[in-house]
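Accompanying notes for the structure given below.
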Amino acid sequence: MAIVITDECINCGACEPECPNNAIYEGAEDWRYKDGTQLSGQVVLPDGKEVDAEEDQEPISDETYFIVPDKCTECKGFHDEPQCAAVCPVDCCLPDDDHVETEEYLLTKQRFMHPE
Ligand code: SF4
Ligand code: SF4
């Protein structure tokens with residue numbers, strides 16, 4: 001499953017550079033599928049959704065850092081544990097019950113974003 005940042009976040013920014021998928025953004029920032037991935041142009045995500053990887057997407061939170069569920073692989077394919085949760089000083093990076101995914105699917109997402 002993806003990881004979610006709760007409203008306990010103190011906006012320290014420690015997690016953002018640790019994410020291998022560039023799935024973490026500062027509050028109120030636009031984000032893109034292409035950021036930190038090999039995606040470009042029109043793409044079909046592993047869940048079948050069609051998106052433009054270059055297009056600016058609306059922030060998920062205006063108040064705190066946030067994680068894009070489509071880009072979070074729980075660090076599968078890169079690390080043994082979620083790096084955001086490992087560095088967060090207030091332990092507010094938690095499993096996202098709204099985005100439960102199998103390990104196999106998380107690895108599929110990882111390979112999709114980073115095919116080489
Ligand atoms: S669990 Fe890993 S991939 Fe997901 S947001 Fe945190 S650092 Fe990024
Ligand atoms: S490390 Fe934790 S407190 Fe700091 S910005 Fe990330 S989620 Fe927020």
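Whatever order the structure lists them in is the order used to number ligands and atoms, beginning at 1.
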Can you list the atoms of ligand 2 that are under 4.0 Å from a heavy atom of [X]?
| X | answer |
| --- | --- |
| C15 | 1 (S), 5 (S), 6 (Fe), 7 (S) |
| V90 | 3 (S) |
| P89 | 1 (S) |
| G13 | 4 (Fe), 5 (S) |
| C93 | 7 (S) |
| C92 | 2 (Fe), 7 (S) |
| I5 | 7 (S) |

Which residue supplies the protein heavy atom nearest to [atom], what is that atom called, and how far is it?
| atom | result |
| --- | --- |
| atom 8 (Fe) of ligand 2 | C9 SG, 2.4 Å |
| atom 4 (Fe) of ligand 2 | C12 SG, 2.3 Å |
| atom 2 (Fe) of ligand 2 | C88 SG, 2.4 Å |

For [X], take its heavy atoms, then give the atoms of ligand 1 lying under 4.0 Å from any of them.
| X | result |
| --- | --- |
| T73 | 3 (S) |
| C75 | 1 (S), 2 (Fe), 3 (S), 7 (S) |
| I67 | 5 (S) |
| P82 | 1 (S) |
| I3 | 1 (S) |
| N21 | 3 (S) |
| C19 | 3 (S), 5 (S), 7 (S), 8 (Fe) |

Mutual orientation of the aromatic rings belonging to W31 and Y25 [parallel < 30°, tilted 30-60°, perpendicular > 60°]: tilted
Honestly curious: do [X] and [Y] fall in one hydrophobic cluster under the side-chain, below-4.5 Å linking rule?
| X | Y | answer |
| --- | --- | --- |
| I3 | I60 | no |
| Y65 | V4 | no |
| I67 | F112 | no |
| I24 | Y33 | no |

Trace of the side chain to side chain donor-acceptor pair (under 3.5 Å) decision for N11 with T64: CA-CA 6 Å; N11 290 316; T64 64; 5.1 Å; no
Carboxylate-amine/guanidinium proximity below 4.0 Å for K49 and D70: yes
K34 with E55: basic N within carboxylate O range, under 4.0 Å: no
Test side-chain contact (heavy atoms from CB on, under 4.5 Å) applied to N22 and M113, step by step: CA-CA 10 Å; N22 209 322; M113 291 188 285; over 6 Å; no
Check: K76 side chain, T108 main-chain N or O, donor-acceptor pair, under 3.5 Å: no
Exam field: side chain K109 to backbone P46, donor-acceptor pair closer than 3.5 Å: no
Short N/O/S contact of C84 with atom 6 (Fe) of ligand 2 (below 2.8 Å): no
Heavy atoms from other residues, nucleotides or ligands near CD of E103 exceed 12 (cutoff 6.0 Å): no
Location of contacts on I10 toward ligand 2, heavy atoms closer than 4.0 Å: both
Residue part near ligand 2, for T64, under 4.0 Å between non-hydrogen atoms: neither
